[in-house]
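Report on one structure; see the data block that follows.
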Amino acid sequence: MDWTPIEKKWRQRWDDEKQFQSDPDERKKFFVTVAYPYPNSPQHIGHGRTYTLADVHARFMRMSGYNVLFPMGFHYTGTPILGMARRVQENDTGLIDAFKTLYKVPEEKIKEFSEPVKIADYFHQEIKAGMIEMGYSIDWRREFTTIDPFYNRFIEWQFKKLKEKGLVIQGTHPVGWCPKDQNPVSQHDTLGDIEPSFTEYTVIKFKYGSYVLPTATLRPETIFGVTNLWVNPNVNYEIAKVDNEEWIISSECATKLGFLNKKITKTGNISGAELVGKKVKIPERDDEVYILPATFVESGSGTGVVMSVPAHAPFDYQALDDLKKEASKHPNIPSLADIKPISIIETEGYGEIPAKDVIEKLGITNQEDPKLEEATKELYSKEFYGGRLRQNTGRFAHKVVADAKEEVKKWILDNGNADTLYELNEGVVKCRCGAECVVKLLDNQWFLDYSNPEWKEKAHSWINEMKILPEEIRNEFNHVVDWLKERACARQHGLGTKLPWDKNWIIESLSDSVIYMAYYTIVKYVNAGEIKPDNISDSFFDYIFLEKGDLEKVSSEYNIPKEKLESVKKEFQYYYPVNARHSGRDLVPNHLTFFIFNHLAIFPKKYWPEEIVVNGSVLMDGKKMSKSMGNIIPLRDAIRTHGADSIRLAILISAELLQDADFNQEAVRGIKNKLENMLDDAVKYKAANEASLAQEDRWMYSRLQQLIAKATVSIQKMRLREALHYILYEFDSDVQWYLKRAEAKNRADQAGILHKVFSTRVAMLSPFAPYVAEEAWSRLGNQGLASKSPWPVSDEAKIDLVSVQSEDLLKATLDDIKNIIKVTKITPKKMTIYTAAAWKVKAYQKILTQVTGGDVNIGTIIKSLIADSETAEIKKDPDFVKKTVNDILSESQDSRDSKNKVGAVDETEALLELGSLIKSEYGVDLQVFSETDLAKYDPKNKARTARPYKPAILIE
RNA sequence: GCGGGAGUUGCCAAGCCUGGUCAAAGGCGCAGGGCUUAGGACCCUGUCUUUUAGGAGUUCGUGGGUUCAAAUCCCACCUCCCGCACCA
């Protein structure tokens with residue numbers, strides 16, 4: 001079946017009725033937003049999840065009577081698009097092929113892609129078209145991009161506010177950096193998409209005469225165990241003036257230091273071999289050690305000089321051992337044999353010289369052995385978490401290594417005997433431009449000061465107050481607030497808004513997207529041409545958002561009529577705060593937390609966001625979606641093959657909020673079939689006058705009320721999978737039972753009832769599968785639109801508990817009959833059912849009351865029953881009590897309560913209903929007797945085993 | 001390391017918050033039947049073990065505990081997944 005025409009038809013209707021356009025009115029409002037997309041590719045099914053969740057939320061609230069605003073914008077800010085444009089300019093075939101085959105971009109469009117904005121514009125339209133096709137109930141009059149001039153004014157205003165409050169600060173920060181592009185690099189900017197991560201090393205300055213021989217280490221605390229330095233004799237070292245000292249370092253190191261803002265002047269060279277045998281002074285220790293040769297030392301790593309701690313560093317131990325073996329080759333080092341490892345860390349499970357232990361364990365015999373890496377890793381982590389410094393480490397003695405490391409580092413740094421070096425972890429990382437990346441210390445970088453303690457405190461307290469779904473995310477937010485530090489908020493390249501006070505910087509993408517929800521409430525006026533963005537500046541936003549300033553003045557300043565200005569302000573005040581912000585899980589540690597922080601900083605409390613709803617990601621056939629796996633399905637392709645509603649349901653039904661949703665073809669097919677069946681059914685049940693209600697009709701209506709109640713609660717908690725489960729599946733099994741009952745009775749008058757039932761269901765399905773719901777709604781013969789119908793309200797009064805109990809009794813008895821037939825394998829000829837005697841019913845009611853009251857002691861129950869003349873007959877059958885108590889205990893609280901409320905049900909009457917079912921299913925007649933009926937047919941003496949809700953059965 | 005999540009019957013996956021309706025939804029697979037020229041689709045029945053009367057037994061990562069009652073609550077352990085930044 002082709003959904004396209006159906007989707008088109010209803011989309012047109014919604015559009016004609018301007019259903020999703022929201023303007024302030026007298027109703028209560030509900031403002032729901034989703035993070036706007038970054039348009040550097042078409043959206044795929046994974047992107048659809050958050051939007052679909054938000055759309056269901058919006059549609060549900062709309063049907064519940066709220067004036068719902070659900071807007072959408074496009075986030076052009078950022079650098080990846082710049083990178084893409086550059087690759088197009090360079091004729092990167094990999095990317096261009098992806099555009100052609102994967103994204104199906106027309107050839108002539110790709111040609112324009114050398115201009116970044118064209119890429120954004122193209123995918124912007126592509127994504128928007130997909131959103132419309134998916135049926136998202138968005139008010140498109142409020143659309144914008146983050147490079148629109150009016151938006152730029154808005155962001156400038158935001159940053160000035162933050163700066164006024166002292167939340168924007170300047171500082172120095174290390175970043176991964178491309179020397180050619182003169183720009184920080186992120187994962188998107190590198191060849192092979194490697195995240196350029198780096199580690200901070202402590203550089204310890206050893207003195208060689210007037211020179212400094214610096215060594216880079218991760219373990220400054222081991223300075224107490226240094227026995228020598230290592231240089232590579234084959235390396236030609238540089239002598240360079242570094243700031244005011246003369247350092248001997250590898251040339252690679254000199255380059256690195258240059259990016260770390262050191263002033264480097266080369267003054268000469270010295271070979272490693274020349275240094276061998278010389279002595280250096282160890283800082284903080286009144287001691288001198290030799291410089292020795294080692295081949296494992298690489299000039300590209302650290303400073304090219306290594307401090308040797310043989311007791312705790314396997315490389316050092318092995319190199320020293322190797323050297324001693326050929327001591328004769330080094331006559332200029334007289335006392336090589338005297339160099340002994342100095343043990344300074346005590347760790348459980350290791351002896352005096354831990355490095356020796358590890359080396360022997362792994363069978364390492366020389367310094368070229370690659371297993372040395374493994375040895376180093378093992379020992380480092382064991383000593384770091386479990387080791388303590390020994391007596392010979394002065395005031396650090398007995399401290400655990402993890403703590404001592406930081407203290408020793410600070411101590412040496414404070415004494416001017418150390419420095420800091422950053423080193424890329426992955427070795428060589430190449431920028432997309434081909435240049436090798438480095439770590440650069442950026443000066444005068446602008447930061448948002450998320451480490452500000454008052455700001456943090458405010459964020460914590462609001463996080464604890466606001467609604468967060470699912471609840472477990474609340475902790476995560478609090479944790480993020482704790483570890484969040486200053487965050488760079490400006491870059492030197494990329495699309496976006498310039499920093500208002502320093503136009504060399506562009507405000508970074510995660511910082512210009514934190515309060516834009518407010519912008520939705522006013523951008524409508526700019527899009528309609530009622531406000532000209534050109535000369536807008538701060539006093540405008542102050543007036544609208546903060547109610548600061550004078551109406552008269554602002555009006556004349558911007559040449560906006562006073563009434564217009566007032567209605568802009570009123571619109572903001574009507575819609576704000578955001579009632580629900582939907583987002584993927586990945587945005588918790590960044591965007592969503594910033595969103596909270598910034599709202600708290602800029603707006604008064606009444607405008608702080610009310611609720612955040614976080615969802616997991618989408619898997620494709622159980623696997624993560626990725627370009628390299630080739631399992632990315634563009635959303636619009638999927639809509640064409642499966643239909644929008646099937647996709648919406650498949651995404652929603654496969655997982656609850658936080659779980660990853662698995663999108664698989666089979667599930668979609670199943671859903672599609674279900675929807676098609678629903679449409680077929682819809683035409684069968686037109687509105688009709690109902691006959692007087694039979695038992696099963698009352699039951700069906702009761703179940704409907706219960707389902708409405710359950711589904712509504714589930715949606716309110718955003719447990720959409722659960723809600724769909726009720727609306728789609730539980731509902732179905734109820735209808736099936738109903739049809740079975742009605743058909744067994746050969747009824748022909750149930751269409752009117754089913755029409756009502758199905759219409760209610762279709763209305764409830766409408767937020768989830770809007771197109772199918774509209775189509776089914778009209779096929780059922782209903783007027784208007786399903787999406788405009790009010791959300792069904794459960795009416796307690798329509799629940800007939802007796803009919804619910806009776807039908808349950810029928811189902812249970814039918815199950816028992818089936819069971820008996822299965823076990824005995826007999827072909828039934830005749831069936832007889834016996835209901836329990838009156839005294840048993842009384843006893844049952846009493847037991848029920850007692851058990852509900854918490855008394856499950858069989859002895860006391862029996863006593864009290866015997867004491868009562870109505871139930872004294874229990875003496876004859878004491879086993880009855882035990883069985884009944886078990887019956888009751890194995891029931892749910894709900895069912896017990898309802899039995900309590902209903903009192904005794906006339907089982908004989910109820911079970912007579914079974915006759916038609918038995919006849920149609922087994923083709924035999926059913927007789928129902930009371931246990932006490934003297935004229936009953938009971939050849940096998942079964943009747944006496946009857947219990948309330950558990951009639952005796954005889955099958956012959 | 002810090003923080004978060006998960007482990008359920010052949011597979012996927014609900015149930016856990018709020019203990020009892022749980023041998024545990026639904027889907028897939030498998031078996032039998034129906035429909036069909038055939039295939040597909042669709043419909044019915046079955047699918048832990050055992051049982052010729054609706055019963056019993058053993059299961060929800062492992063080991064304890066609480067309770068009349070535990071997949072569900074508590075404690076410990078094992079295993080797996082995700083995030084840890086200047087990037088959308």
Side-chain angles (χ1 to χ4, degrees), chain A residues 35 37-40 75 77-81 173-176 184-189 195-197 381 384-385 402 442 445 447-448 450 470-473 475-480 482-491 494 508-511 513 585-591 616-617 621-622 624 653-656 658-660 662 664 666-667 669-671 673 676-677 717 719 721-722 725 728-730 732-733 808 812-826 851 854-858 885-886 888-896 940 942 945 950-955:
Chain A
Y38 183 67
N40 71 334
H75 198 195
T77 312
T79 53
I81 288 175
H173 197 75
V175 293
V185 283
S186 68
Q187 188 173 347
H188 305 280
D189 307 320
E195 178 72 35
S197 63
S381 101
F384 184 77
Y385 297 113
L442 269 187
Q445 172 87 302
F447 293 91
L448 284 176
Y450 291 121
E471 186 57 43
E472 46 272 47
I473 295 290
N475 265 338
E476 222 170 306
F477 272 115
N478 273 319
H479 185 247
V480 172
D482 279 335
W483 64 251
L484 212 58
K485 293 189 291 197
E486 301 81 13
R487 184 190 169 86
C489 60
R491 302 187 127 225
E508 168 273 342
S509 58
L510 279 170
S511 305
S513 58
R585 215 194 163 155
D586 49 336
L587 298 186
V588 170
N590 41 68
H591 165 76
S617 62
D621 289 318
K624 224 176 152 173
I653 214 161
S654 70
E656 211 53 88
L658 208 54
Q659 255 77 54
D660 286 345
D662 186 11
N664 61 71
E666 275 160 26
R669 260 210 313 274
I671 287 164
N673 284 330
E676 284 175 10
N677 291 338
K717 292 182 185 166
R719 300 178 67 140
R721 192 206 58 78
E722 190 175 83
H725 187 258
L728 244 37
Y729 297 110
E730 204 160 310
D732 240 18
S733 60
D808 281 352
T813 309
L814 201 60
D815 276 350
D816 281 346
I817 290 171
K818 245 183 231 169
N819 221 332
I820 293 167
I821 292 171
K822 184 189 155 202
V823 172
T824 59
K825 299 190 180 80
I826 52 180
V851 172
D855 187 1
V856 291
N857 185 295
I858 306 223
V885 169
N886 281 338
I888 294 170
L889 276 179
S890 69
E891 271 184 285
S892 71
Q893 199 62 49
D894 273 2
S895 158
R896 278 185 231 168
K940 296 239 170 106
K942 288 268 180 201
T945 61
K950 195 76 179 169
I953 299 165
L954 171 66
I955 302 173

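The structure displayed is predicted, hence computed values, not measured ones. In what follows, every chain begins at residue 1, and chains take the letters A, B, ... in the order their sequences are listed.
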Hey, does A:H591 have a side-chain heavy atom less than 4.5 Å from the side chain of A:D586?
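Heavy-atom side-chain distance check fails, nothing below 4.5 Å.
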Is any side-chain heavy atom of A:P80 closer than 4.5 Å to one of A:Y38?
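In short, these two side chains touch, coming nearer than 4.5 Å.
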Would you indicate what [X] reaches in the nucleic acid, counting non-hydrogen atoms under 4.0 angstrom: base, sugar-phosphate, or nothing?
| X | value |
| --- | --- |
| A:E486 | base |
| A:I473 | nothing |
| A:P951 | base |
| A:I955 | base |
| A:H725 | base |
| A:I817 | nothing |

Just name whichever nucleotide pairs with [N], Watson-Crick or G-U, keeping both distances under 3.5 Å, else none.
| N | result |
| --- | --- |
| B:C48 | B:G57 |
| B:C42 | B:G34 |
| B:G26 | B:C12 |
| B:C84 | B:G1 |
| B:U67 | none |
| B:A6 | B:U79 |

Apply side chain to side chain contact (heavy atoms under 4.5 Å, CB included) to the pair A:I953 and A:K942, showing each step before the final yes or no.
CA-CA 7 Å; A:I953 299 165; A:K942 288 268 180 201; over 6 Å; no
In whole Å, I'd like the distance from the CD1 atom of A:I653 to the P atom of B:G15.
12 Å
Pair of N/O donor and acceptor under 3.5 Å linking B:A88 base with A:D586 side chain:
no
Would you state whether a donor and an acceptor, one from the side chain of A:D816 and one from the base of B:G54, lie under 3.5 Å apart?
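Donor-acceptor pair under 3.5 Å: yes.
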Expressed in whole Å, how much space separates the [atom1] atoms belonging to [N] and [M]?
| N | M | atom1 | result |
| --- | --- | --- | --- |
| B:C74 | B:C16 | P | 14 Å |
| B:C73 | B:A14 | P | 16 Å |
| B:C81 | B:G46 | P | 40 Å |
| B:A41 | B:U9 | P | 27 Å |
| B:U67 | B:C75 | C1' | 16 Å |
| B:G64 | B:G20 | P | 23 Å |
| B:U8 | B:A71 | C1' | 7 Å |
| B:U45 | B:C78 | P | 47 Å |

Look at the side-chain N and O atoms of [X] and state whether any lies under 4.0 Å from the OP1 or OP2 oxygen of [N].
| X | N | result |
| --- | --- | --- |
| A:K485 | B:C84 | no |
| A:R721 | B:G15 | yes |
| A:T79 | B:A88 | yes |
| A:R719 | B:G15 | yes |

Using a strict 4.0 Å threshold on nitrogen-to-oxygen distance, state whether A:R585 and A:E476 make a salt bridge.
yes
Would you name the heavy atoms of A:I653 and A:R721 that are closest together and state the gap between them?
O-CG, 3.0 Å
Rounded to the nearest 0.5 Å, what's the gap from CG on A:L448 to CZ on A:R487? Could you check?
8.5 Å
